[in-house]
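Every number for a ligand or one of its atoms is a count from 1 in the order of the listing.
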Amino acid sequence: MSTSTSREHTISLIPGDGIGPEITRVVTRILAATGVKIRWEESLAGAEAYERYKEYIPKELYLSIDRNRVALKGPVTTPIGGGFSSINVILRKHFELYANYRPIKNLPGLPTHYPAVDLIIIRENTEGEYVGIEHEVVPGVVESIKIITEKASTRISEFAFSHAQQTGRKKVHAIHKANIMKMSDGLFLRCARNVAQKYPDIIYGEHLVDNTCMQLVTNPYQYDVLLLENLYGDIISDLCAAFVGGLGLVPGANLGKECAIFEAVHGSAPDIAGKNVANPTALLQSAILMLRHIGETDAADRTHQALCKVYEERKCLTRDVGGTAGTQEFGDAIIAALG
Ligand code: NAI
């Protein structure tokens, strides 16, 4: 029985490339089966968009997100060591999606080395090394600029603490390398400390990023909310994904004041693209976050329950989590579990 709101939502959809089109197809099928009324506005981005429109991000995509304020996005390949800039980074900057929110939580029925992880990664999404300002000073010498601002560091710290407070979380750790990057990471830490003072009920800690890797692997349960600059957040997210079963599982949301783009933590996985073996769980969990964001909490809850049921039954899982099911078959199992 569907108890979705009667409202029709128009949402921008970027299938992306690599495994993107396969997993977005499954996820949109599952969302349709929840009964939520969604009209998708689909756009290409990246190399395929360039082939067709001579633009890596077509104007229509910007306009679509401007109009709809919400997007679901598959991964987009970024060329290594040259070529066009990351579509993800450009979109996050353009729409000021300053907070990258990534919950790391075990799914029931999926055994891992760490059975009860429940932590939140909050990654600054607009600056740091990802501003992409690099140049060759002289042949053989390249300069890469990292930008850290008080404004962005305070804004992301506020986001982390207020999220912790609203969701009853107890601790926020700022992760840094201010022993080496004394000015940039030093500024980030000062901003985090200032914000921490406004939240006396939340325990505030600071760890060096290298030590954090060791601490996480030794005992991830010591952390609650991790507050990180852009690059550290990117790297630590993949590390934490391994706690709960891998990159095929972890969702994400890029959040700003005006817009939100929901996407998995993982990339376009070219090694498995087009083989119907990719796990759509991470994108599905991102879509569940999106359903909550647009007020479709009942559909979000039902989809989450269906996902848990399929994992608990362990009959129809993709191969990255020990099963033999294909991407589309896994989607069919979720739809069947929705009832
Ligand atoms: P990746 O996340 O695409 O893949 C890493 C490993 O995890 C691969 O072995 C892959 O097969 C596996 N994997 C990833 N997602 C999976 C899924 N849903 N189901 C099963 N296995 C999965 O990272 P990689 O290979 O470093 O990057 C590939 C491309 O993706 C690069 O061009 C990178 O720039 C881009 N990328 C895009 C992102 C985005 O659009 N948000 C995020 C991260 C990377």
For ligand 1, which atoms sit closer than 4.0 Å to a heavy atom of Lys73?
-> 39 (C), 40 (O), 41 (N)
Under 3.5 Å: N/O of Gly267 near N/O of ligand 1 | yes
Which of the ligand 1 atoms, numbered from 1, are nearer than 4.0 Å to a heavy atom of Asn279 | 17 (C), 18 (N), 19 (N), 20 (C)
Just going by heavy-atom distances, which of Pro270, Ala282, Ala241 is nearest to atom 25 (O) of ligand 1?
-> Pro270
With a 4.5 Å heavy-atom cut-off, do Trp40 and Leu31 have their side chains touching?
-> yes
Quick one: which of Ile19, Asp17, Val321 has a heavy atom closest to atom 16 (C) of ligand 1?
-> Ile19
Which part of Asp271 is near ligand 1, with near meaning a heavy atom under 4.0 Å away: side chain, backbone, both or neither?
-> side chain
Just how far is it from atom CG of Leu255 to atom CG of Asn100, taken to the nearest 0.5 Å?
-> 8.0 Å
When you measure from atom 29 (C) of ligand 1 to every protein heavy atom, which one gives the shortest distance, and what is it?
-> Ser268 OG, 3.2 Å
Of the protein's non-hydrogen atoms, which lies at the shortest distance from atom 6 (C) of ligand 1, and what is that distance?
-> Leu247 CD1, 4.2 Å
Decide whether Asp201 and Gln165 meet the rule of one side-chain donor and one side-chain acceptor closer than 3.5 Å.
-> no
Heavy atom of protein inside 4.0 Å of atom 32 (O) of ligand 1, strictly below | yes
Do Glu41 and Ser12 meet the criterion of a side-chain donor-acceptor pair at a distance under 3.5 Å?
-> no
for atom 41 (N) of ligand 1, nearest protein heavy atom and its distance come out as Glu263 OE1, 3.1 Å
Ala278 heavy atoms, cut-off 4.0 Å: which ligand 1 atoms fall inside?
-> 19 (N)
With heavy atoms under 4.0 Å as the rule, classify the contact between Asn88 and ligand 1 as side chain, backbone, both or neither.
-> side chain
Test log, rule ring pair (Phe, Tyr, Trp, His ring centres under 6.0 Å), inputs Phe262 and His293 = CA-CA 10 Å; Phe262 295 83; His293 179 82; 5.3 Å; yes
Using distance alone, decide if ligand 1 has a nitrogen or oxygen within less than 3.5 Å of any nitrogen or oxygen in Gly248.
-> no
Common cluster, Tyr114/Val244, ILVMFWY with side-chain heavy-atom separation under 4.5 Å | yes
Hphob cluster co-occupancy, Val26 + Ile14, side-chain heavy atoms under 4.5 angstrom | no
His94 ring center near Tyr62 ring center (under 6.0 Å) = yes
Examine Leu216 and Ile235 and state if one hydrophobic cluster contains both, with Ile, Leu, Val, Met, Phe, Trp and Tyr joined whenever side-chain heavy atoms are less than 4.5 Å apart.
-> no
For Ile272, is at least one N or O under 3.5 Å away from an N or O on ligand 1?
-> no
Please report the shortest heavy-atom distance between Val131 and Glu127, naming the atom on each side.
-> CG1-CA, 3.8 Å
Spatial distance of atom CG (Asp185) from atom CD1 (Ile175) [nearest 0.5 Å] | 11.0 Å
closest protein heavy atom to atom 42 (C) of ligand 1 is His266 O, 3.5 Å
Identify the closest protein heavy atom to atom 40 (O) of ligand 1: which residue and atom is it, and at what distance?
-> Val76 N, 2.9 Å
Output the list of atoms in ligand 1 that are nearer than 4.0 Å to some heavy atom of Thr77, sorted by atom number.
-> 32 (O)
Would you please say whether a donor-acceptor pair under 3.5 Å links the side chains of Thr281 and Tyr311?
-> yes
Atom 12 (C) of ligand 1: the protein heavy-atom neighbour that sits closest, reported with distance to 0.1 Å = Ala269 CB, 4.5 Å
Between Val265 and ligand 1, which residue portion shows a heavy-atom distance shorter than 4.0 Å: side chain, backbone, both, or neither?
-> backbone
Just let me know how Thr78 lines up against ligand 1, side chain, backbone, both or neither, with a heavy-atom cut-off below 4.0 Å.
-> both
